[in-house]
Amino acid sequence: EGNKRHQRIGVATSTDLNTWTPADTVVLSAPSILWAKKNPPTGGPYLGAQQLRDPFVMADPVHPGQWLMYFVAEDSLHSPKMAVGVAKSTDLVHWTALEKPFSSTERPTSQGATNIVESPHVFRRNGQWWMPYTVNLDQVFFETSASADPADTVAAHWTNPVWLRGV
């Protein structure tokens with residue numbers, strides 16, 4: 001039913017971290033994300049398919065026992081640009097996306113306009129949160145934040161994108 005090319009995020013389980021069993025359960029889809037584009041044009045860059053991919057899950061350092069999942073999706077307000085988003089969970093199965101994406105990941109970079117953003121990761125180093133991601137298929141950029149919360153999506157709390165190759 002619907003567009004079979006729509007991207008969704010699912011779940012797989014493992015008892016040994018080597019062998020994984022995928023489930024048919026969808027844990028996050030574009031219709032459940034307020035800011036994600038629901039109906040991309042059939043002739044556009046994504047051929048009518050909803051864009052939602054590249055999950056990165058980590059323990060929530062602000063709320064022990066909870067989880068954060070970073071992902072990318074097409075931003076309905078800046079279509080066809082993609083942005084990094086974050087969702088929260090208490091059980092790794094039921095996820096609630098925050099109301100806004102990291103708008104900072106849509107800013108132009110030193111290499112030009114940002115259209116396709118993919119593969120976000122987040123880690124702490126030297127008292128800051130670091131968020132590397134790829135831009136336009138093959139360039140790696142990162143932003144840092146001194147915020148205590150790595151799920152803080154306010155653009156002013158993150159640095160401008162820094163080109164990894166230039167560092």
Find out if a path of hydrophobic residues (ILVMFWY) with successive side-chain heavy-atom gaps under 4.5 Å connects [X] to [Y].
X: Tyr70; Y: Ile33; result: no
X: Val86; Y: Met131; result: yes
X: Val167; Y: Val140; result: yes
X: Leu52; Y: Trp35; result: yes
X: Met69; Y: Leu98; result: no

Quiz item: When you look at Arg165 and Gln111, which way does the side chain to side chain contact (heavy atoms under 4.5 Å, CB included) test go after all the steps?
Solution: CA-CA 11 Å; Arg165 189 174 187 183; Gln111 301 301 302; over 6 Å; no

Practice problem: Start with the C-alpha distance between Leu68 and Lys88, add both sets of side-chain angles, then the distance that settles side chain to side chain contact (heavy atoms under 4.5 Å, CB included), and finish with yes or no. | Solution: CA-CA 5 Å; Leu68 299 174; Lys88 296 185 174 197; 3.6 Å; yes

Ignoring hydrogens, what is the shortest heavy-atom contact between [X] and [Y]? Give both atom names and the distance.
X: Gly10; Y: Val27; result: O-CG2, 3.7 Å
X: Met58; Y: Trp129; result: CE-CZ3, 3.8 Å
X: Ser89; Y: His94; result: OG-O, 2.8 Å
X: Ala148; Y: Val62; result: O-CG2, 3.6 Å
X: Glu106; Y: Thr114; result: O-CB, 4.1 Å
X: Ser145; Y: His157; result: OG-O, 2.8 Å

Practice problem: Among Asp75, Thr153, Val117, Val72, find the residue that satisfies the side-chain contact (heavy atoms from CB on, under 4.5 Å) test when tested with Pro101. | Solution: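 With Pro101 as partner, Asp75, Thr153, Val117, Val72 yield a single side-chain contact (heavy atoms from CB on, under 4.5 Å), made by Asp75.
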
Quiz prompt | Atom NZ of Lys100 with >12 non-hydrogen neighbours under 6.0 angstrom | solution =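 No, the 6.0 Å shell around NZ holds no more than 12 heavy atoms from other groups.
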
Quiz item: Should we count CG of Asp16 as having more than 12 external heavy atoms under 6.0 Å?
Solution: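 Yes, enclosed.
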
Quiz item: Does any pair with a residue in residues 30-54 pass salt bridge (Lys or Arg N to Asp or Glu O under 4.0 Å), and if so which ones, sequence neighbours excluded?
Solution: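 Applying salt bridge (Lys or Arg N to Asp or Glu O under 4.0 Å) to every pair that reaches into residues 30-54, excluding sequence neighbours, yields Arg53-Glu118.
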
Rounded distance [0.5 Å steps], [atom1] in [X] versus [atom2] in [Y]:
X: Gln51; Y: Arg5; atom1: CD; atom2: CZ; result: 9.5 Å
X: Asp152; Y: Trp158; atom1: CG; atom2: CH2; result: 7.5 Å
X: Thr25; Y: Ile9; atom1: OG1; atom2: CD1; result: 14.0 Å
X: Arg125; Y: Phe142; atom1: CZ; atom2: CZ; result: 9.5 Å
X: Thr134; Y: Leu164; atom1: OG1; atom2: CG; result: 11.5 Å

Which residues share a side-chain hydrogen bond (donor to acceptor under 3.5 Å, both in side chains) with [X], sequence neighbours left out:
X: Ser103; answer: none
X: Asn115; answer: none
X: Asp60; answer: His63

Quiz item: What pairs with Thr13 under side-chain contact (heavy atoms from CB on, under 4.5 Å), at least two apart in sequence or on another chain?
Solution: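 With neighbours one apart ignored, the set is Thr21.
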
Self-check item: Partners passing side-chain contact (heavy atoms from CB on, under 4.5 Å) against Leu92 (at least two apart in sequence or in another chain)
Solution: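 Result, side-chain contact (heavy atoms from CB on, under 4.5 Å) vs Leu92: Val57, Trp67, Trp95.
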
Practice problem: Taking the side chain as every heavy atom from C-beta outward, state whether Ser29 and Gln50 have any pair of such atoms under 4.5 Å apart. | Solution: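 Answer no - side chains too far apart.
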
Exercise. Ignoring hydrogens and angles, tell me if any N or O in the side chain of Arg8 forms a donor-acceptor pair with the backbone of His6 under 3.5 Å.
Key: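 Side chain of Arg8 to backbone of His6, a donor-acceptor pair under 3.5 Å: yes, one is there.
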
Practice problem: For side chain to side chain contact (heavy atoms under 4.5 Å, CB included), just list the numbers for Ile116 and Met82, CA-CA rounded to whole Å, side-chain angles, deciding distance to a tenth of an Å, and then say yes or no. | Solution: CA-CA 5 Å; Ile116 299 172; Met82 295 179 73; 4.1 Å; yes

Exercise. Could you check Phe56, Phe71, Tyr133 and say which one makes a ring pair (Phe, Tyr, Trp, His ring centres under 6.0 Å) with His121?
Key: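 Per the ring pair (Phe, Tyr, Trp, His ring centres under 6.0 Å) rule, the option paired with His121 is Phe56, out of Phe56, Phe71, Tyr133.
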
Practice problem: Go through the steps to decide whether Trp163 and Thr109 satisfy the test side chain to side chain contact (heavy atoms under 4.5 Å, CB included), and finish with yes or no. | Solution: CA-CA 8 Å; Trp163 190 30; Thr109 69; over 6 Å; no

